[in-house]
Amino acid sequence: MIMRIETYVENLLQIYLEEKSLKNVKINLDKPKHKNFGDLSTNIALQLASHLKLNPRQIAEEIKNKIKFDKNIIEKIEIAGPGFINFYISNTSYYSSLIQILTEKEEFGKSNIGKNLKTQVEFISANPTGPLTIGHGRQAVLGDTIARLYEACGYDVTREYYFNNAGRQMRILGESVRLRYLELIGEKIEFPEDYYQGTYITDVARVIYEEVGDKFKNDTDITFFKDKAEESVFAEIKKTIARLKFKMDVFYNEKSLYDEGKINEVLELLKKKSLIIEKDGATWFQTSKLGKEQDRVIIKGTGEPTYRLPDIAYHREKFKRGFELIIDIFGADHIATYPDVILALKEMGYDTDKVKVLIHQFVTLMENGKKVKMSTRKANFVTLDELMDEVGEDVTRFFFLMRHMNSHLNFDMNLAKTQSEENPVYYVQYAHARICSIIKVGNEQGITLQKNPPVDLLKTEEETDLIKHLIELPEIIKDSALNNEPHRIIKYLIDTATLFHKFYTECRVIVDDKDLTQARLGLCEATKTVIANGCNLIGISAPQRM
RNA sequence: GCGCCUGUAGCUCAAUUGGAUAGAGCGUUGGAUUCCGGUUCCAAAGGUUGGGGGUUCGAUUCCCUUCAGGCGUACCA
């Protein structure tokens, strides 16, 4: 609805520009942050002022006088400040949108701008060497929420987790389990410092011991131990993810890229482009030929590829699998890697504009006011499960989404606990529960919401402010998705709750006037829908009672 | 050294992508309920947007410079 009004206003301005035969002027329409600057605002007079060398207020006056508008849509036009033209939209324009919320219900806010575009969101992608930590938590919540946002916009989304179960870290993992196993059957062992210190290693060893006894006492092959550890770790990871209320569609194993010859294909393609060189016993990707400062090793002297090569092959597969939008969510430590991957893809002829790499900053763990570098091997991390045990799933999701992903996040468990008690998540959920309660009270008095409540009776400032806000949800979802900024939904929900509480304080819903009661119940119902839809979008519950 | 990210109220964070008077929560101080859930609402105090320069009608936002923190700059992933 707001969209329709925007295009209406835009047309009015366009007509003016055409009459004046002014071309190539971009019309900007903004929603002013201050509500006494109207509902829509344009800076067109300010833009024209420098072209025409006239006083901007004078131009604004002229535009205001020339424009002929429908009083049912625009209430009035004002000129303010240095020459802004502010449009006040009439209340009647909003009422039909409010009814629309009541009819669309769960569907309200969704759109189909994505047109089923085949989209992949890759996130977490932690190798199975230990439980998910709060660091992964931020990425997990961000990734899933971005996926939900795109789904709400009509994209066909696949959530994908990429992992590597070969390599050095996994060997150390297997070896760590084997040593703990030997310890359990009474052998004397020395447990190296750089092995995995976590207690979950001993847990896996114990399970093995209970299953097979001391059968592997003299077996130095770690494959069995490694596989058992991987199986157990992955089972835990999947459980943790399920607690966060989502599910990965695909777990993609890096190993398959080797088995199916994809690694060699990439190598051949880059060779054909003369971008591969042998030097110092290793194989290099000549990124210097593509404008970078230095070349990169992609196959080590040992014959093992570095991580860049499989990353390139994996991303090529993403294209070959038909994804038209590829969203990668990485931690800040990947910042140096992906430009090389993008370069390689571009050279192989893929449209790299389809790849969006989102880098989020790290969660740094605070202990006694000091920063601790988290390491899975040293086991000095806080797991995501521990966090959820302490503060609950809803708060966990909310906590990670409140911040912009570019901001560094200092994490302190004590702070998380105290914050959870005064967390805005409860503020939002409380608004929802309160509405449910009002509806219930109404029902007990035999009052139920009719089909087309007379919402034009809603005229107080608290009512119209709330209505104007509610009908913005579709725009907020689109903006939030397209900019990959889930925290906007959080802010929107908090604002929704605030406006509702203000309305509640000033306007009694169930009153003697039956029509007014209907109108206000309609507003309550619409607010409930918006909060529930918003909560669902960020993966938190909207409870009936608290 | 170089590259990327960050620096906003005492604390944790916003700011519609260059707009008008930089906003919320927590904390502090004071106030509101005979009534649908007080986990609520209202008000006050609190700012040189790290510092300095520039671009223009207009800068938290863009450019330069400087300071501070994080990450990277591996034949580790």
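Just so we're on the same page: letters track the sequence lines, and every chain starts at 1. In this text the structure is predicted, and so the values were computed from the model without any measurement.
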Is there a Watson-Crick or G-U wobble partner for B:rU39 with both distances under 3.5 Å, and if so, which one is it? none
Mind checking if A:V509 touches a base, just sugar-phosphate, or nothing, with heavy atoms under 4.0 Å? base
Quick check for you: among B:rG37, B:rA74, B:rC75, whose closest atom lies nearest to any side-chain atom of A:W284? B:rC75
Could you check which nucleotide pairs with B:rC2 in any of the strands shown, counting Watson-Crick or G-U wobble with both distances under 3.5 Å? B:rG72
In terms of base orientation, is B:rU16 syn or anti, with the syn window spanning 90° either side of 0? anti
Looking for any heavy atom pair under 4.0 Å, which part of the strands does A:E485 touch: base, sugar-phosphate only, or nothing? base
Closest to the A:T306 side chain: B:rC75, B:rU39, B:rU12? B:rC75
Has A:K300 got a side-chain N or O lying under 4.0 Å from the OP1 or OP2 atom of B:rC76? yes
Counting the atoms with a prime plus P, OP1 and OP2 as sugar-phosphate, which does A:Y427 contact under 4.0 Å by heavy atoms, base, sugar-phosphate, or nothing? sugar-phosphate
Out of B:rA77, B:rU17, B:rU40, which has the shortest distance to the side chain of A:Y430? B:rU40
Counterpart base for B:rA59, defined by Watson-Crick or G-U wobble contacts under 3.5 Å: none
Which part of the nucleic acid, if any, lies within contact of A:N55, taking any heavy atom under 4.0 Å across all strands shown: a base, the sugar-phosphate backbone alone, or nothing? nothing
What's A:F37 touching, base or sugar-phosphate or nothing? Going by heavy atoms closer than 4.0 Å. base
Would you say a side-chain N or O of A:N406 is under 4.0 Å from OP1 or OP2 of B:rC5? no
Categorize A:K502 for me: base, sugar-phosphate, or nothing, with a 4.0 angstrom heavy-atom threshold over every strand shown. sugar-phosphate
Any base atoms under 4.0 Å from A:D280, or only sugar-phosphate, or nothing? Heavy atoms, all strands. base
